[in-house]
Each structure stands twice: as C-alpha cells, then as structure tokens.
Amino acid sequence: MENYNHVATENKWQKKFKEKKTFLTTKDNSKKKFYCLEMFPYPSGNIHMGHVRNYTLGDVIANFKRLNGFNVLHPMGWDAFGLPAENAAIQNKLHPKDWTLKNIDQMKKQLKKLGLSIDWDREISTCDENYYKQQQVLFGVLFKKGLIYKKESYVNWDPIDNTVLANEQVIDGKGWRSGAIVEKKKLNQWFLKITQFSDQLLESLNNLEGWPEKVKLMQKNWIGKSEGCEIIFISDFNNVSIKIFTTRPDTIFGASFIAIAPDHPFTENLKDDQKFQTFKKEALKNISNESSFQQNEKLGFKTKFSVFHPFTKKKLPIFVANFVLMDYGSGAIFGCPAHDQRDLDFAKKYNLEIIPVVTSEKSKEINIIDKAFTEDGYAINSEFLNNLSTIEAKNKIIEEFEKNKIGTRKISYRLKDWGISRQRYWGCPIPIIYREDGKTILLEKNLPIKLPLDVDFNKAGNPLENHPSWKHTTCPETGMKAIRETDTLDTFFDSSWYFLRFCSPHEQNLPFAQDEINYWMPVDQYIGGVEHAILHLLYSRFFTLALQDDYKIKSAEPFKNLFTQGMVCHPTYKTNDGKWIFPNQVLGEGKNLFLANGEKVIQGDSQAMSKSKKNVVDPEEIIKIYGSDAMRWFILSDSPPDRDIQWSENGIQGSFKYIQKIWRTSELVKSYKQEKNDTNNNYDDEINILIEQISTCIQKFHINVAIAKLYTFLNKINEQIELKIVKSEKILESYKNYLIIISVFIPFIANECWEKLTGKDNLSAQNWPKISTLIKKQETCNVVIQINGKKRAIVNVMNDEEESQIFSKSLAINNIKVILDGKTIKNKIFVKNKILNIVTNEN
RNA sequence: GCGGAAGUGGCGGAACGGUAUACGCACUGGUCUUAGGAACCAGCCCCGAAAGGGUUAAGGGUUCAAAUCCCUUCUUCCGCACCA
C-alpha cells in the first residue's frame with residue numbers, strides 16, 4: 001500500500017480550490033446566508049499558533065454551515081496600520097508600507113497552506129487607499145453628526161525623541177528607545193463621543209443572546225453605569241464651589257474630607273505652590289495606565305482650603321488625591337472613611353475623623369477600626385436620616401439636596417469618550433485642515449487624503465509633522481493657506497467597520513453597498529480572541545449604532561453570535577538588558593538558558609502568543625513535517641476552544657498517525673466485501689448516534705469532543721471491516737459520511753480520499769449526512785444502585801422496569817447485602833432507567 | 001488594585017446535579033517484520049492478592065446525591081482605554 005503523501009496532496013488541493021473557485025461567494029437570495037467572520041490579523045510577519053487556532057475554528061464553522069446548505073461568506077483581511085510597522089521602519093530602514101505589504105504577502109501564503117475556505121477575492125487591507133478613502137468618508141459622516149470633537153488630553157511624551165509613546169513603549173516609566181523619563185503632556189486631540197451611546201450600548205447587551213455571558217458582563221462593567229447624585233460644596237476660597245459625584249449620598253454626615261483630581265480646575269489656585277507642582281507631576285505619571293494607577297499608594301496633598309458641609313456647616317479639608325480621576329464623575333469626591341475602604345486608609349494616613357453613619361441593625365453603635373462597613377444598613381449619626389434604610393436614606397437626602405438646590409440626582413458612567421488621535425505616521429490620515437482664518441475644515445471631496453510616502457524616520461517626532469509639503473496646503477474651497485491635521489486615526493477606528501466593508505469590498509463610491517449589507521449583515525458568527533472582549537467589540541457596536549440611520553443598517557448590533565476563543569500561551573524570554581527573544585533561539589535547559597552567542601536568557605511568565613513579545617511558534621515547521629491537516633486536527637483536538645492553552649507539541653504525532661490511518665482505512669473500504677452472514681444489526685444505529693453527537697458538538701463549539709467522537713467513528717469502521725459482517729454498501733455509505741464530516745476539519749485528506757473512492761472531486765458539493773434511519777431504542781438498560789449516594793452496584797434491567805423490582809434485584813447482590821446489614825432503610829430515591837439511591841439511617 | 005475566567009491521572013482533556021477519568025498523547029509488555037520512530041493486541045489514577053474501597057487545587061456548606069451549586073483560601077491566564 002502506498003503511503004499518504006501530505007505534501008503532494010495538500011499542494012494539489014490548494015491549486016484545485018483556487019482553480020475551481022470553490023470558496024467564492026456571491027449574493028444568492030434563494031439561499032439562507034451565513035456570515036462567518038474571524039477577527040482579522042495584524043500583519044506582523046508570520047502567523048503563529050494563536051492565528052491557526054482562530055482561523056481553523058472559524059473554518060470548521062464555515063465548512064459546516066456550507067455543507068448544511070447555507071450561502072457562506074467567509075472573508076479575510078488585514079488590520080494593516082499600526083505601530084510595529086513604524087518600529088520596523090526605524091530599526092530596519094524599511095518603509096512601513098513595504099514592510100506591511102511584505103508581511104501580508106507572507107502571511108497570506110501561510111494562511112493558504114492551511115486550506116481555509118476563505119473567499120480571497122474579498123481580501124481587504126486597512127492601509128489600502130480604497131479602504132481608508134471610505135474610512136475618511138465615515139469620519140466625515142460622524143463629524144457632521146457632531147460625534148467627533150477635540151479636547152485636551154494627556155499623552156506619554158518622550159523628551160529626547162520628541163515623540164508620543166504608546167503605553168507599551170513606556171517601560172518602568174522610561175522611553176523604550178531613549179531611556180528618557182517619560183512625561184505627561186497635554187495635547188489637543190480628536191475624540192469620538194461614544195459616551196452619548198452609553199445607555200444604548202448597555203441596554204442592548206440584553207438582546208445579545210448569542211454572546212457569552214462573561215463578555216457581556218465585562219462590557220457592562222466597563223460601561224459602569226452608576227446611579228447617585230452630584231452635590232455642590234462651597235469652599236472658603238472666594239466661595240468657589242466644587243461639584244462632587246457620589247453613589248452614597250446617604251453617608252454625607254460621615255464626610256470628613258474632600259478629594260479632587262490633580263488636574264481639577266480648582267488646583268489653579270495652587271499653581272504657585274512648588275510642593276503641589278511636584279505632587280501633581282508624580283500623580284499624573286500613571287494617569288493613562290489604570291493598573292499601575294490603582295496599585296499606587298493612595299496619596300493626598302493637603303491644601304490650605306476647606307469646604308463647608310452642606311448640613312452641619314463643619315469645615316472639611318480639601319485634599320488633592322492621586323486616586324481621583326478628572327475623567328470620572330466630576331473629578332471630585334467627598335471622603336467618608338467609615339464606609340469606604342479607600343477613604344478609611346486615607347483618613348488614617350492623614351489623621352482625619354472617622355464618623356460611622358451606617359450600621360447593620362437599627363440604632364446599633366458601630367466602631368470602625370481597620371475595615372470600612374461598605375454594606376447597606378440603617379443610618380445613624382445622620383440627623384434627619386437616622387433609622388432610614390440605605391435606599392430610603394439615599395432617596396431622602398437627594399430630595400433634600402434638590403429642595404435646597406445644592407445637589408441633583410445623576411447617573412454617571414465609567415465609560416470615557418474614545419480618543420482617536422495618534423501622533424504617528426502609519427495610520428489613516430484625518431480629513432481635516434486648519435485654515436489661516438482659524439477655521440477647522442472637514443475635507444469631503446477628492447478623498448482619500450493620501451499618506452505621503454516620502455517620509456523621514458531619522459528625524460525625531462511625527463514624520464507627518466516634519467513633512468512641509470504635505471503639512472502645508474491650501475483650502476480647496478477658498479484657496480486660503482491651511483495646515484493639515486497631522487494626527488492619524490487609532491487603528492481601532494479601522495477595525496470598527498471592516499465587517500461591513502467585507503459585504504462589498506470593491507465598492508468604489510460608498511463605504512458599503514446597501515443591498516449587500518442588507519443581505520449579509522449581521523455577522524452570524526464572529527470568532528476571536530477573548531482579549532478583544534471589551535474595546536474592539538464595544539467600538540464596533542458603537543460604529544454600527546452610530547451609522548445605523550445614515551446607512552440604513554438593519555441590525556443595530558453587528559455580531560449576532562460571538563465566540564471568544566482562549567489564548568495560546570507560551571513562556572516569554574528576555575536577555576538581561578530586556579530584549580525579547582524568540583523561543584527557538586533559546587538554548588539550554590531549566591534555569592540555565594542562553595543564546596547561541598552565550599548571552600544569558602531569562603525565562604518569563606507564560607503569556608498569550610504575540611509578536612511584540614516574540615513568544616510565538618511559527619506553524620510552518622510543523623506543516624513541513626506533518627502537514628496542515630495534522631496541525632489543524634491537533635489544534636482542534638487538543639483543548640476546548642474557549643480555554644487558554646499552554647502551547648506544546650506533545651500529541652502532534654498522534655494527529656499525524658490519525659491522518660495516516662484515514663488513508664489506510666480508505667484503501668480497506670475500497671476493497672471491502674462482506675464475507676460472513678451474521679449481519680451486525682446495530683451498526684447503523686451506532687453510526688447515526690455518532691453523526692448526531694458530532695453535529696451537536698460542532699454547534700456548541702465542543703470541537704475537541706467532536707474529534708474524540710471521530711476517533712471512535714474511525715475505530716468502529718475499522719473494527720467492522722475486520723469482522724466482515726456488515727454489508728459492503730453500509731460500510732461504504734458510512735465511510736463516505738465520515739469523509740464529509742472530517743472535510744470540515746481536515747479538508748485535504750478528506751477531498752483526496754473522496755476522490756480516490758468515488759472517482760469525483762466533488763466532496764465540497766455534498767450535503768452534511770442526515771440521520772437515515774430512526775435509532776432503535778435499546779431493550780434493556782443499566783441502573784446504578786447507590787447507597788447514600790455512593791455507587792455500590794449496577795443492575796441490567798428491562799427498560800422502564802419498576803422501582804420495587806429493581807430494589808429486590810439489588811438486595812440479591814452480595815455487596816449490597818453486606819453494606820445494608822444492620823442498617824435501617826429510611827428512604828429510596830428512584831430515577832427511571834437510571835438510578836436507585838437507598839438512603840439509610842447512618843453513613 | 002479593579003473586572004473577567006480556569007483548576008479533574010505523567011500530559012491534553014470527557015462527564016443534562018445522578019456509573020468520575022470517555023477520546024487522545026506519553027509510557028510498559030507482547031505480536032508481526034531484514035528493520036521499526038510503522039501497524040496490531042494488551043496494560044496504564046491511588047490502596048488492595050482479591051472482593052472491594054478511596055480519589056476531581058485546599059477547606060467548609062447546600063442536597064437523597066456535588067467535578068458540577070454556594071462561601072473562604074491558593075495558583076494560573078485575559079482585560080484595564082496609545083500593542084492589536
């Protein structure tokens with residue numbers, strides 16, 4: 001028997017798929033559509049196992065739906081703008097465009113080797129002028145709706161390289177290249193008013209039945225709706241008022257201080273205080289990085305000012321605090337140490353009063369020492385609020401505020417407006433000019449505003465800023481002198497509408513064609529890494545919502561069903577000077593790791609594979625040795641798709657052997673003849689049960705279980721071929737069904753075996769197997785006999801046999817007799833055809 | 001720090017609140033073979049000669065019955081707004 005040659009076969013079918021245009025899609029109103037989309041990749045150079053996992057998974061769903069009669073749209077594109085291209089340009093003297101296009105080319109080749117059922121005619125790339133032209137159109141649409149505005153906001157500033165740094169380029173507070181201490185600098189930047197949709201984005205989460213609960217919960221927490229009130233405090237500085245936001249107005253009588261954000265307008269009164277300036281500079285350091293912001297020691301700067309308590313008229317000191325954010329609420333809080341842990345820690349540090357104003361039971365005294373009482377309860381020490389429950393007290397106090405015009409009920413959101421400005425070259429230009437008469441003009445004609453290609457990366461700063469002939473222009477309407485906006489768009493902007501573009505990727509005049517989005521949208525199944533659970537998905541939902549009216553998008557929600565796949569993790573490696581190292585460059589074992597040149601290597605945490613940390617495994621080596629089918633089979637069989645995995649090659653050989661076994665079985669099926677007469681009557685049933693189980697598993701994304709069943713499937717066929725008691729046509733039929741099923745996972749060998757067996761190359765035109773006969777009900781079943789919930793025996797009985805009969809049968813079993821000896825039976829729990837639990841007086 | 005998830009043999013993992021360890025990997029023994037890194041057969045959580053008993057990160061709780069539900073602790077991963 002000739003061996004299976006995966007290299008020749010996979011090459012052959014790649015060519016065939018291309019020539020026969022197997023996976024091209026067109027609108028077809030006679031068929032039900034299915035839009036299957038995986039998050040498009042950033043073209044970083046090579047694909048890694050995380051991509052393989054994502055795209056194979058999506059391919060299984062696309063193939064499954066196609067065989068089930070759906071018209072499937074399964075496109076692919078490139079999230080092609082972004083920071084790494086500029087880094088590469090600086091480091092390798094390669095233009096970002098050349099670097100990106102080279103990477104796209106390479107990754108496309110690699111993806112094609114995987115045999116994915118992608119309609120490559122619809123390929124889009126966000127750095128393509130045709131794409132970003134339409135993006136500039138969308139910018140204009142949103143701008144004219146008043147959803148885009150400018151405001152001051154902080155950036156990480158590298159004073160040596162004169163450039164804005166991304167958070168990931170700031171390492172221990174220093175610039176990644178220059179090593180300079182990073183400063184905070186305020187810039188006037190573009191923002192998208194996503195907060196205008198906070199409530200809608202929150203409310204419609206309830207309608208997203210096809211989304212994982214955990215993602216909806218994360219988005220809910222991210223939007224962070226909280227109901228409370230705004231209270232005006234009058235200060236002793238010229239009666240200037242400070243507005244605070246609180247969700248616990250009922251604790252107002254426990255207030256002992258006011259804390260304001262370091263950049264709160266009130267701090268203008270402190271600008272000559274050198275000590276305050278030092279405090280502010282330190283406090284702002286982590287302002288754009290919430291994790292270090294939260295982990296910072298809570299510090300305050302005591303000002304010489306106070307506010308008056310609205311009821312007691314007591315003076316409360318005003319602190320500037322490093323844990324109060326200007327972006328949230330009104331940038332100021334009142335501190336109630338007894339009922340907020342953060343305030344308590346703060347109060348103890350600065351010797352502030354701790355007044356308990358809530359207790360668990362009415363009128364009960366309470367002493368607060370180390371732990372704040374943060375639960376609801378009943379008011380004490382609170383004048384007219386005393387004895388009211390927390391909810392009653394909240395309502396009462398807000399009424400009181402509103403009556404006295406010193407506060408109002410207010411809903412606040414944690415969600416901030418989305419900053420879309422980036423002071424970088426490799427992104428979509430913003431179609432805005434600033435005219436010499438001071439006006440800001442939106443450009444709507446002669447789009448796209450193209451990125452200039454002749455840029456210099458050797459100079460410090462933003463190359464667009466440094467490009468005089470691009471930066472200086474004239475107004476197309478008036479001919480006045482003008483300066484272009486030199487910020488480019490955040491790449492999240494690019495990826496917030498690409499799923500709409502895929503519906504009509506070649507449309508020249510519009511971002512997307514009406515009848516195409518009518519047919520294809522929403523995405524029926526969206527698949528991607530759980531790391532995108534919040535930002536990308538929220539921004540995409542926002543875009544769809546914001547553009548819904550202008551483009552008559554049927555569904556305000558872009559993604560009907562969402563599956564978030566787990567990360568493929570791998571340890572990271574660094575040299576002593578902090579450079580990331582690829583795993584395949586690391587030599588040695590255990591703690592003694594080094595490079596080929598002898599330099600020491602330190603192993604870091606295991607993290608999700610990412611080119612920026614270099615902890616990636618390139619699938620190409622694996623494909624070369626075992627083939628794409630074996631790799632696809634392996635990554636799918638290894639773990640449940642939603643679970644994070646530690647990458648390991650253990651087991652890939654097993655997948656390879658399975659592929660070989662399919663090949664051998666094909667030959668056996670071809671020459672199979674029934675030789676014995678005592679027919680196996682259960683064969684059909686067993687096969688049908690398997691088909692049903694596999695279908696269910698795929699739909700539930702239990703792909704690893706589906707694959708376990710396919711091992712059983714093939715073992716069963718081989719077992720029956722050996723026994724020779726099943727009719728030839730039954731074996732052939734079941735094996736053909738098997739090939740159709742596995743083609744969803746491993747297309748190459750499935751197509752090859754199908755062609756060998758049937759003489760036709762039409763596997764992809766088949767239908768998913770239907771369960772041909774009714775599954776016969778077994779006549780007997782096993783019932784488990786438990787004593788006090790522990791399995792003690794199994795009895796085989798007729799279906800639906802009665803409890804009393806099963807009970808007497810079980811008493812005849814020696815083990816049961818011994819255990820029950822001397823015990824009194826208190827109760828019996830019986831579940832028909834399943835279980836009999838005998839409960840006794842003692843355990 | 002906050003928010004979200006996960007923890008079952010040597011390994012990946014299976015299991016509508018109802019027979020824990022399906023399926024696979026690795027390993028061990030055997031068969032076949034010029035050969036085996038192929039194929040096939042058998043074994044493979046722990047204690048026990050067996051009968052049988054025990055076991056789902058640790059501890060507690062709910063239940064006739066818990067890997068599954070609840071609470072506490074530990075460990076790992078993801079996100080935290082300029083990586084994408």
Side-chain angles (χ1 to χ4, degrees), chain A residues 3 39-42 44 79 81-84 87 155-156 164-170 212-215 217-218 220-222 224 288-296 298 323 327 342 415-424 490-492 494-495 529-536 538-539 564 566-567 569 605-608 610-613 634 637-640 642-646 648 650-655 657-658 660-661 664 702 704-705 707-712 715 722 782-786 788-794 814-815 818 826-829 831 834-835 837-840:
Chain A
N3 279 330
M39 291 178 185
F40 66 165
Y42 178 78
S44 56
D79 191 10
F81 276 134
L83 192 59
N87 294 343
V155 293
N156 300 313
V164 176
L165 298 177
N167 285 340
E168 78 157 11
Q169 293 176 310
V170 181
E213 287 304 321
K214 62 167 181 177
V215 175
L217 189 56
M218 279 191 248
K220 189 181 164 212
N221 291 336
W222 186 259
S288 56
N289 185 339
E290 196 172 325
S291 62
S292 42
F293 173 80
Q294 298 273 7
Q295 280 168 64
N296 265 354
K298 310 286 179 277
F323 59 87
D327 282 327
R342 211 165 42 174
L415 184 65
K416 296 186 282 197
D417 274 341
W418 168 18
I420 50 172
S421 276
R422 296 292 181 270
Q423 295 69 36
R424 301 196 216 296
D490 176 15
T491 56
F492 272 126
D494 309 344
S495 57
V530 68
E531 77 274 24
H532 292 293
I534 297 174
L535 293 181
H536 163 62
L538 192 66
Y539 293 155
T564 49
M567 301 285 91
C569 299
D605 301 341
S606 182
Q607 291 180 34
S610 148
K611 186 75 188 291
S612 64
K613 294 181 191 101
F634 175 56
S637 66
D638 205 40
S639 285
D642 55 347
R643 196 179 294 182
D644 290 343
I645 55 170
Q646 288 298 323
S648 153
N650 292 342
I652 181 83
Q653 291 209 11
S655 298
K657 283 183 196 171
Y658 186 76
Q660 304 293 331
K661 189 168 178 174
R664 286 196 309 274
H702 297 170
N704 55 323
V705 187
I707 284 184
K709 304 287 178 203
L710 282 164
Y711 274 99
T712 312
N715 287 343
E722 186 83 9
N782 287 332
V783 168
V784 174
I785 309 301
Q786 296 182 333
N788 296 324
K790 284 215 160 68
K791 180 187 86 171
R792 297 301 175 186
I794 296 172
N814 193 40
N815 194 31
V818 171
K826 268 170 59 185
N827 196 6
K828 292 195 290 276
I829 312 286
V831 182
K834 213 165 211 175
I835 215 150
N837 187 12
I838 303 166
V839 186
T840 69

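All chains are named by letter (A, B, ...) in the order of the sequence lines, taking the proteins before the strands, and each is independently numbered beginning at 1.
Between B:rA35 and B:rG48, the distance separating the two C1' atoms is 43 Å to the nearest Å. When the P atom is compared between B:rA57 and B:rG12, the two are found 13 Å apart, to the nearest whole Å. The gap from the P atom of B:rC77 to that of B:rG13 amounts to 15 Å, rounded to the nearest Å. Taking atom C1' in both B:rA14 and B:rG9, the straight-line distance is 13 Å, to the nearest Å. The same atom, C1', is picked in B:rA81 and in B:rG3; the two are 14 Å apart, to the nearest Å. Rounded to whole Å, the P atom of B:rC46 lies 15 Å from the corresponding atom of B:rU21. The P atoms of B:rU62 and B:rG1 are separated by 32 Å, rounded to the nearest whole Å. B:rC11 sits 25 Å from B:rG60 when the P atoms are compared, rounded to a whole Å.
Across all their heavy atoms, A:D490 and A:G419 have their closest contact at OD2-O, 4.1 Å.
Each of A:G789 and A:L165 has a nearest nucleotide on RNA chain B; the 5'-most of these lies closest to A:G789.
For A:Y711, whose side chain is taken as the heavy atoms from C-beta onward, the closest listed nucleotide among B:rG24, B:rC40, B:rG18 is B:rG24.
Within the 4.0 angstrom heavy-atom criterion, only backbone atoms of the sugar-phosphate kind lie near A:Q607; the bases stay farther away. Nucleic acid contact class of A:K828 (heavy atoms, under 4.0 Å, all strands): none. Residue contacts shown for A:V818 are absent, as no nucleic acid heavy atom lies under 4.0 Å away. At a threshold of 4.0 angstrom between heavy atoms, the contacts of A:D642 with the nucleic acid are absent. Residue-level contact check: A:W222 touches the bases, meaning some heavy atom is under 4.0 Å from a base atom. Looking at heavy-atom distances under 4.0 Å, A:K416 makes contact with a base.
With rounding to whole Å, A:H532 atom NE2 is found 16 Å from B:rC77 atom C1'. Look at CD on A:Q169: it is 9 Å from P on B:rA84, rounded to the nearest Å. Atom pair A:E290:CD and B:rG4:C1' shows a separation of 14 Å (rounding to whole Å applied). In this structure, A:I785 atom CD1 and B:rA65 atom P are separated by 17 Å, rounded to whole Å. Atom CG of A:L217 and atom P of B:rC2 are 16 Å apart (whole Å). Remark: P of B:rG24 and CG of A:D638 are 15 Å apart, rounded to the nearest angstrom. What separates CG of A:N650 from C1' of B:rG12 is a distance of 9 Å, to the nearest Å. The interatomic distance linking A:E531 (CD) with B:rG79 (C1') rounds to 9 Å, in whole Å.
Within the 3.5 Å criterion, the main-chain N or O of A:R792 finds a donor-acceptor partner in the side chain of A:N815.
Within the 4.5 Å cutoff, no side-chain heavy atoms of A:Q169 are placed close to those of A:N156. Between A:W222 and A:L535 there is a side-chain heavy-atom pair separated by less than 4.5 Å. For the pair A:K661/A:N715, a side-chain contact is recorded, criterion being any heavy-atom separation below 4.5 Å from C-beta on. Looking only at side-chain heavy atoms (C-beta outward), A:L538 and A:L415 come within less than 4.5 Å of each other. With contacts defined as side-chain heavy-atom distances shorter than 4.5 Å, the pair A:T491/A:Y42 does not qualify. Within the 4.5 Å cutoff, the side chain of A:P84 has no heavy atoms near those of the A:K611 side chain.
Evaluation of atom-type donor-acceptor distances gives a pair under 3.5 Å for the side chain of A:Q786 against the base of B:rG18.
The line from CD of A:E531 to NE2 of A:H536 is 10.0 Å long, rounded to the nearest 0.5 Å. Going from atom CD of A:Q295 over to atom CD of A:E290 covers 11.0 Å, rounded to the nearest 0.5 Å.
Contact annotation: A:S639 side-chain N/O to B:rG12 OP1/OP2 distance is not under 4.0 Å. Between B:rC83 and A:K613, no contact under 4.0 Å exists linking OP1 or OP2 to a side-chain N or O. Distances shown here put a side-chain N or O of A:K657 below 4.0 Å from the OP1 or OP2 atom of B:rA38. One finds a side-chain N or O of A:N704 lying less than 4.0 angstrom from the OP1 or OP2 phosphate oxygen of B:rA14. Contact check, A:K611 against B:rA84: no side-chain N or O comes under 4.0 Å of OP1 or OP2. For B:rG24, the OP1/OP2 oxygens have no side-chain nitrogen or oxygen of A:S637 closer than 4.0 Å. Applying the 4.0 Å criterion to OP1 and OP2 of B:rC78, one finds that A:R643 has every side-chain N and O outside that range.
Against the 90° criterion about 0, the sugar-base torsion of B:rG9 places it in the syn range.
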Open item on the list: Let me check I have this right: for RNA chain B, each base becomes ., (, ), [, ] or |, based on Watson-Crick or G-U pairs with both distances under 3.5 Å. What is the full string?
Closed with: (((((((..(((.....[....))).(((((.......))))).(((....)))..(((((..]....))))))))))))....
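No side-chain donor-acceptor contact under 3.5 Å links A:K826 and A:N788.
Relative orientation of the A:Y658 and A:Y711 rings is tilted, given thresholds of 30° and 60° on the angle between their planes.
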Are any protein N/O atoms closer than 3.5 Å to N/O atoms in nucleotides 48-52 of chain B? If there are, list each pair with its distance.
none

